[in-house]
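First the structure, in the form of structure tokens, and then the observations on it.
Residue numbers begin at 1 in each chain, while the letters A, B, ... track the order of the sequences. Reckoned from all heavy atoms, side chains included, excluding hydrogens, waters and symmetry mates.
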Amino acid sequence: MSPFNRCAAVTVLQLGSVWPAFRLMARQYGGMPARRFGIGMSSALLVQQTLVGVVVTRREPRYQFNPVDFITLTRGLAASLLCGLIASRIRDRRGAAGWMGWLTLLYGAILSDWLDGPLARYRGTSETGAVLDREADSWLTLCAAAGAVAWGSLPFHVMAAPLLRYVLLFRGLRVMSHTRLHTDEPAWVRQTGIAQMLLFIAAMAPFRGGVTSRVVSIAAPVQTPVQIGAGLALHWRRLRA
Amino acid sequence: MSGRAEASGWLAFLLFVVAVYSLRRVLDRHARSR
């Protein structure tokens, strides 16, 4: 089976998971928001899985997806669920939609992200798997930022750093490969990334109260320039190397 | 949201993070010992 067909099979499986989430949304918020959710989530899923299929086929036409890649791809599923929630226009952080989005974010940003690395090292890593891993991270971060703006009351500027990452990636890809662009990343890249995701997790937390809101309102204006500065510093460092 | 509910939420979050991090360390040790 070609990587593209394998990717199509994964897409069908992932599309199956839209249904229970759609049913939950329909029961809680009615037909129209649920339809917007279903269309938003399915569209995001189809677009991202098509991109995965195209990229994998072009990089390694004989690539065999392994179980770790499937875990990585479920991070894309988490991102598409956040897209669906944004498309639904339901802004209910404390209700079913908020819990669904927050728990999905925890799965993608912590459970899947932290465990697929050691599992990949255990099974043996591949360059294509590493590309999927980094891109799933970035896509989930961008969707989390959009979700944190939509129902976490964060200002729009928190999306600047995740968007800038794509601008710098495409600029960098003109002069070197994706793998070389991400080789020998300093430890602070991961640390600033964790701080950024923690901000989004705190902003979207369904149990968020006065203390969390105060911390979020102090951290958000600091985090954006720090993350942009870190992204630019890393980009220049890569190009100079 | 009451302060108690907020504190409980963050405590549950912290336990989740510690559990996943511990699992990650165990898996890393297995990966290195192979």
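Heavy atoms closer than 4.5 Å to chain A are found in the side chain of B:F13, but not in its backbone. Heavy atoms of A:L119 lying under 4.5 Å from chain B belong exclusively to its side chain. Heavy atoms of B:V26 lying under 4.5 Å from chain A are absent altogether.
Rounded to the nearest 0.5 angstrom, B:L27 CG and A:W114 CH2 are separated by 13.5 Å.
No more than 12 heavy atoms of other residues, nucleotides or ligands lie within 6.0 Å of CZ in A:R180, so this atom counts as exposed by the packing criterion. The 12-atom threshold is not exceeded at CD of A:E127, counting heavy atoms of other residues, nucleotides or ligands nearer than 6.0 Å. For B:Y21, the OH atom is loosely surrounded, since the number of other residues' heavy atoms within 6.0 Å does not exceed 12.
Of all residues spanning residues 20-28 of chain A, none has a heavy atom less than 4.5 Å away from chain B's heavy atoms. Residues of residues 71-85 of chain A never come closer than 4.5 Å to chain B when only heavy atoms are counted. Within residues 186-202 of chain A, the residues having any heavy atom less than 4.5 Å from a heavy atom of chain B are, in residue-number order, A:R190, A:L198, A:I201, A:A202.
Between A:W102 and B:W10, the ring planes are perpendicular. Angles over 60° get that label, and only those under 30° would be called parallel.
The minimum heavy-atom distance linking B:V20 with A:L115 is given by the pair O-CD2, 4.0 Å. The shortest non-hydrogen separation linking B:A31 to A:P118 is CB-O, 3.9 Å. Residues A:R121 and B:R24 approach most closely at NH2-NH2, 3.8 Å, considering heavy atoms.
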Please tabulate, one pair per line, all N/O donor-acceptor pairs under 3.5 Å involving side-chain atoms of residues 214-222 of chain A, not counting sequence neighbours.
unit_1, atom_1, unit_2, atom_2, d
A:S217, OG, A:S213, O, 3.2
A:S217, OG, A:R214, O, 2.8

